[in-house]
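Here's the structure, in structure tokens; my notes come after.
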Amino acid sequence: MKVRTTILASLLAMASTVASADNDTVVDFEDTPALHFPIGIGGKSVAVVPAFEDYAFMMFDACDAMELSKEDCMIYPMNAALGGNAIATILDGNRVIVYDRELSPIVGSTGAMAIIAHELGHHYCGHIGTPVDPMQELEADRIAGATLRNEGVSLEGALSVTELLERRPSRSHPEKAARVAAMTDGWNDPEAAKNCRR
């Protein structure tokens with residue numbers, strides 16, 4: 001509650017500097033650092049809007065659950081159509097999490113919290129603008145598992161979102177088994193999950 005009450009009003013008021021609710025801001029991710037920008041959504045230009053309050057609250061709940069500092073949580077929550085994905089990025093010098101609301105009917109509120117906590121983990125661990133490294137995904141997965149544990153979610157509930165993960169590794173993402181193990185590690189030891197390779 002302390003992080004949310006400290007910065008929610010200022011972030012929501014300042015969100016118009018990143019995007020206006022009345023006028024979508026189109027972001028070209030060709031020139032914007034973003035982790036795992038989704039392929040196949042018709043190019044890299046996406047309209048972003050300030051997040052609906054429930055997604056903003058999820059981000060601040062994740063910050064509170066992990067006992068992160070006000071500075072660690074100065075992140076703008078945004079929504080955009082990303083082909084059922086979410087990204088951590090920097091827009092106009094501001095740290096941002098962009099979440100596709102189409103995910104929520106698929107993953108439910110626990111899954112949405114896990115995804116937002118994962119993207120928060122990318123920001124917390126300093127991954128934005130660095131070379132692609134599958135280990136970054138594991139660090140963010142540990143943060144997600146830890147957040148859900150601290151929110152009172154069972155391990156089974158926390159791992160339910162992993163059904164969406166690809167079984168095979170890619171250049172940017174480890175195989176599903178490694179990611180499940182990382183979320184489990186974070187859930188089992190939330191404090192250790194905050195030890196990123198920053």
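For the numbers below, each heavy atom of this structure counts, side chains included, while hydrogens, waters and symmetry mates do not.
- Checked by atom type and distance alone, the side chain of D133 pairs as donor or acceptor with a backbone atom of M135 at under 3.5 Å.
- With values rounded to the nearest 0.5 angstrom, I75 atom CD1 is found 6.0 Å from C63 atom SG.
- Between the R142 side chain and the T184 main chain, no donor and acceptor come within less than 3.5 Å of each other.
- Residues L103 and V153 are members of one and the same hydrophobic cluster, defined by side-chain heavy-atom contacts under 4.5 angstrom among Ile, Leu, Val, Met, Phe, Trp and Tyr.
- Put simply, the side chain of E119 never gets that close to the backbone of I97: no donor and acceptor are under 3.5 Å apart.
- Here the side chains of L120 and L68 are in contact, with some heavy-atom distance below 4.5 Å.
- When the options R179, Q136, H173 are evaluated for a side-chain hydrogen bond (donor to acceptor under 3.5 Å, both in side chains) with D141, the one that passes is R179.
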N150/T147 under side chain to side chain donor-acceptor pair (under 3.5 Å): CA gap, chis, key distance, verdict: CA-CA 5 Å; N150 291 344; T147 300; over 6 Å; no
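- Side-chain N or O atoms of D72 include none that pairs as donor or acceptor with a backbone N or O of Y124 at under 3.5 Å.
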Applying side chain to side chain contact (heavy atoms under 4.5 Å, CB included) to H122 and E137, what does each step give before you reach the verdict? CA-CA 8 Å; H122 283 309; E137 295 304 316; 3.2 Å; yes
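- How far CG of L159 is from CG of L155: 4.5 Å, rounded to the nearest 0.5 Å.
- Atom-to-atom distance recorded for H123:NE2 and M74:CE is 12.5 Å, nearest 0.5 angstrom.
- Within the 3.5 Å criterion, the main-chain N or O of F52 finds a donor-acceptor partner in the side chain of N79.
- Checked by atom type and distance alone, the side chain of K194 never pairs as donor or acceptor with a backbone atom of I143 at under 3.5 Å.
- For R101 and Y55, the positive end is not near the middle of the six-membered ring at less than 6.0 Å and at most 45° from its axis.
- Annotation: the span from D92 atom CG to Y76 atom OH amounts to 9.5 Å, rounded to 0.5 Å.
- Summarising the geometry of A140 relative to H127, their closest heavy-atom pair is N-CE1, 4.5 Å, with the distance given to 0.1 Å.
- At least one donor-acceptor pair under 3.5 Å links the side chain of E139 to the backbone N or O of R197.
- Taking both residues in full, the closest heavy atoms of K176 and T162 are given as CE-O, 3.2 Å, listed atom of the first, atom of the second, then distance.
- Separating the CD1 atom in I87 from the OH atom in Y99 is a distance of 13.5 Å, to the nearest 0.5 Å.
- Of the possible polar contacts, one joining the R149 side chain to the W187 backbone as a donor-acceptor pair under 3.5 Å is found.
- In terms of modelled atom types and a separation under 3.5 Å, the side chain of D189 and the main chain of A192 share a donor-acceptor contact.
- Looking at every heavy atom in both residues, A182 comes nearest to L138 through CB-O, 3.6 Å.
- The shortest heavy-atom contact between M58 and M113 is O-SD, 3.4 Å.
- What you find for I115 and A86 is that their closest heavy atoms are CG2-CB, 3.5 Å.
- Here the shortest heavy-atom pairing between L91 and T89 reads CG-CG2, 4.0 Å.
- To the nearest 0.5 Å, atoms CZ (F57) and CD1 (I116) are separated by 12.5 Å.
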